[in-house]
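Here is the structure we will look at.
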Amino acid sequence: MICPPSVPTCRRPGPNPASVHRDQFDFQCLERRTGGQRRERMSRARTVLWLSPTLRSVLSLYRARFMEGQPQGPPNSAAMENGTEPDGEERPPGFQETTITEGAARIVFPNANEVFYNPVQEFNRDLTCAVITEFARIQLAARVAAVKVPGEKDVQKVVVDLSEPKEDKAELKEGANLALEDQPRTAAVGEICEEGLRVLEGLAASGLRSIRFAREVPGLRSVVANDASARAVDLMRRNVQLNEVAHLVQPSQADARMLMYQHQKASERFDVIDLDPYGSPASFLDAAVQAVSEGGLLCVTCTDMAVLAGNSGETCYSKYGAMALKSRACHEMALRTVLHSLDLRANCYQRFVVPLLSISADFYVRVFVRVFTGQAKVKASASKQALVFQCVGCGAFHLQRLGKASAASGGRLKFSAACGPPVAPECEHCGQRHQLGGPMWAEPLHDLEFVGRVLEAVSANPGRFHTAERIRGVLSVITEELPDVPLYYTLDQLSSTIHCNTPSLLQLRSALLHAGFRVSLSHACKNAVKTDAPSSTLWDIMRCWEKECPVKRERLSESSPAFRILSVEPRLQANFTIRDDANPSSRQRGLKRFQANPEANWGPRPRARPGGKAAGETVEERRRLLQNKRKEPVEDPAERAAWLKTFPCKRFKEGTCQQGGQCCYSHSPPSPKATAEATPTDCPEAPSQNPAEPGAATGPGTE
């Protein structure tokens, strides 16, 4: 007999649960979640229960019978804030929680780092709500339903002419009644729409994003808030009841990949899938492109920017199937790498992606794509990808498409392999070699029509989002970008290569416009110069600028890129007179385009850990303690010895240090606070009798 959880009168007598056979389960013990061994047994038991339909059905039956006699009613908000479960279960002593309000949602969040929450991502969540709202308008318009958002003005007006006769008024009234019957149904916020969207948040954590969807996005049929952590799901259930959205939001505990794989059938797919993991989403993309419906919306966030920005090209290839390069345009290259990875995985199932909006902000990138099915369109995917040849000296880059699409008879397209490479073994400007990166997405990053709709909706209802001002600024810059020009140069990159003074942004943009080329900014970089001008034209303009602000040639090495570039006379005469159209509209209006960091340590938060500690003063003290630890210490032996004694000995903690009192690290029993702050280091050999002897290994910082 299997005992139902949370039933104190149904505990089975017998031996200690730790000695019971693995196939037997003590659910009362599993619900306690205290101690590392009990959490491990709980995880193993939950996995077996998930794999066993019979046990799941029995467990559900017991829970249903137990809840039949329980009183039903609205949740007690005050009890939740004080750390009390809705069913009356008290939290452990010392358990502290914080109530956070964001948008229309109000969530309870533990102070300990057990469930991940990052307030920096409010811009991400606001933008996602705005995008899904406009996507719902498009989808429900085809299903004869309208979307109503709080705060938006009703543009439909009824005009009545009072001078008409009574007979005409009666006919007009009958016609108006018929017109009202033909009007589409309205989908409001917080209501279940039978023709609405089915949304999945694969990694919901506290459930904040899903709750905001339910309270701010109209036209939804259901929202599945999933997480693999039992603590996260418990917190999610409390927050769902606190915000009274249980009719829309369905908490789920499962592996996000398995959950999406179980919804591959066309009738069970989700209209919107949101993936916002801690780090890389690479392991979820294959399941996501199969679980999203035809024309559905896939929202993906990547926070592993060190990998996508070129710090580890081999790691980027293993995750996304592309080599990332260190470049000034690394943030846009990161966006194109993620889009390439999504399209590559979708192509395996005769599907392809169409980007709606791609954002690089703060410490992450965010892409919104629609997924379609079509064998003919999949054939064109190779021609949408490109390799990047980038010079290591001057930074000039060239793109090489992987495939070629050419027009054939009958209006058809003929696909073939592309010809290349587009560059010589050495750079034509500075004589340096090229690095090869990619493949990456070479088509437009955004659907400008869709971006315009989102921008118009946010501008018309600025009070809807707390970050509406920033959303307006970023989307305005996106509408000004050149859609058919991949990557960009930066103003400081061009000037530092030839060691000259930096021209103003308006001067360089004006010179390109006078030369007959297009130029724009990029939302990914403040000093970006995105232009369809070839690299030779850019260097000719910089040569002309150098003549106005001369560089001391005698200080340049003959093998340096600056010397080789400046040794060639320009083939065009640049005009740096400021043009009116050189100043973009978003800059003239003073929109918030590139937000400065509003607080210290603005960036990713620590990963959530079971039984995690509060991420407050302890983190700051740890950073202060470990700062400059790897740098060369002071040369004075006495100060050096005192400095090393501030770090605990790792081998002493393990009981393997043989140095005793001669060890250069501390053997003092660490206090609980010191253990949380300090990182133990390896214990080296005993120092020599002469610590000041050159080459003596006395601690970290020496080789």
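Position 1 is the first residue of the sequence; numbering continues from there.
A donor-acceptor pair under 3.5 Å is formed between the side chain of E216 and the backbone N or O of A104. Within the 3.5 Å criterion, the main-chain N or O of V485 finds a donor-acceptor partner in the side chain of K530. Of the possible donor and acceptor atoms, none in the side chain of D227 sits under 3.5 Å from a partner among the backbone N and O of V233. A side-chain donor-acceptor contact under 3.5 Å links E481 to the backbone of H523. With hydrogens and angles ignored, the 3.5 Å screen pairs a side-chain donor or acceptor of S358 with a backbone N or O of L445. Of the possible polar contacts, none joining the S210 side chain to the G207 backbone as a donor-acceptor pair under 3.5 Å is found. For the pair Q290 (side chain) and D286 (backbone), a donor-acceptor distance under 3.5 Å is present. A donor-acceptor contact shorter than 3.5 Å links the side chain of T303 to the backbone of G279. Put simply, the side chain of R370 never gets that close to the backbone of V354: no donor and acceptor are under 3.5 Å apart. For the pair N239 (side chain) and I211 (backbone), a donor-acceptor distance under 3.5 Å is absent.
In Q350, the CD atom is crowded: over 12 heavy atoms of neighbouring residues, nucleotides or ligands sit closer than 6.0 Å. Environment of CG in D484: crowded, with over 12 heavy atoms of neighbouring residues, nucleotides or ligands closer than 6.0 Å. Counting non-hydrogen atoms of other residues, nucleotides and ligands closer than 6.0 Å to CD of Q375 gives a total of 12 or fewer.
When the salt bridge (Lys or Arg N to Asp or Glu O under 4.0 Å) test is applied to E122, no partner is found at least two apart in sequence or on another chain. Contacts of H340 classified as ring pair (Phe, Tyr, Trp, His ring centres under 6.0 Å), with partners at least two apart in sequence or in another chain: none.
Scanning all heavy atoms of the two residues, the minimum distance from V353 to A346 falls at CG1-CB, 4.3 Å. Nearest heavy-atom pair across G202 and A256 is O-CB, 3.6 Å. Taking all atoms of both residues into account, the shortest heavy-atom contact from K377 to F352 is CB-CE2, 3.3 Å. Across I359 and F123, no two heavy atoms sit closer than the pair CG2-CE2, 4.4 Å. Shortest non-hydrogen contact noted between K319 and A282 is O-CB, 3.4 Å. Closest approach of C299 to F368, counting heavy atoms only: SG-CD2, 3.5 Å.
Under a 4.0 Å N-O distance rule, the pair R237/D234 qualifies as a salt bridge. Between E194 and R221, none of the side-chain N atoms (NZ, or NE/NH1/NH2) sits under 4.0 Å from a carboxylate O, so this pair counts as no salt bridge. With respect to the salt-bridge test (charged N to carboxylate O, under 4.0 angstrom), the residues R470 and D362 qualify. Salt-bridge annotation for E456 and R472: absent, with no side-chain N of the basic residue lying under 4.0 Å from a carboxylate O of the acidic one. A salt bridge links R137 to E134: at least one charged side-chain nitrogen sits closer than 4.0 Å to a carboxylate oxygen. Here E332 pairs with R336 in a salt bridge; the nearest charged N to carboxylate O distance falls below 4.0 Å. Contact check on R518 versus D532 returns a salt bridge, with a Lys/Arg side-chain nitrogen under 4.0 Å from an Asp/Glu carboxylate oxygen. In this structure, R209 pairs ionically with D274, as a charged nitrogen and a carboxylate oxygen lie closer than 4.0 Å.
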(message) Set out, in order, the CA-CA distance, both residues' side-chain angles and the distance that settles side-chain hydrogen bond (donor to acceptor under 3.5 Å, both in side chains) for T490 and N527, then state yes or no.
(response) CA-CA 5 Å; T490 59; N527 297 324; over 6 Å; no
(message) Using side-chain hydrogen bond (donor to acceptor under 3.5 Å, both in side chains), reason through D304 and Y320 one step at a time and then give a plain yes or no.
(response) CA-CA 11 Å; D304 55 336; Y320 301 99; 2.9 Å; yes
(request) Just do the side-chain hydrogen bond (donor to acceptor under 3.5 Å, both in side chains) check on R366 and T128 with the steps written out, would you? (result) CA-CA 9 Å; R366 177 77 163 171; T128 303; 2.9 Å; yes
(request) Evaluate the criterion side-chain contact (heavy atoms from CB on, under 4.5 Å) for residue pair M440 and Q385; output intermediate values, then yes/no. (result) CA-CA 5 Å; M440 69 174 191; Q385 321 298 326; over 6 Å; no
(request) In sequence, state the C-alpha distance, the side-chain angles, and the governing distance for S206 and R238, and then conclude on side-chain hydrogen bond (donor to acceptor under 3.5 Å, both in side chains). (result) CA-CA 9 Å; S206 61; R238 298 179 61 204; over 6 Å; no
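Between S383 and R401, the side chains place no donor N or O within less than 3.5 Å of an acceptor N or O (distance only, hydrogens not considered).
Evaluation of the ring-ring contact (aromatic ring centres under 6.0 Å, His included) test over residues 449-485, restricted to residues two or more places apart or in two chains, returns none.
Proximity of R198 to V272: side-chain heavy atoms (C-beta onward) are nowhere separated by under 4.5 Å. In this structure, F270 and L197 have side chains that are not in contact, with every pair of non-hydrogen atoms separated by 4.5 Å or more. The closest side-chain heavy-atom distance from V199 to V224 is not below 4.5 Å.
Between L356 atom CG and E449 atom CD the span is 10.5 Å, to the nearest 0.5 Å.
Paired with R212 under the rule side chain to side chain contact (heavy atoms under 4.5 Å, CB included), one option of V245, D126, N243, V223 passes, and it is D126.
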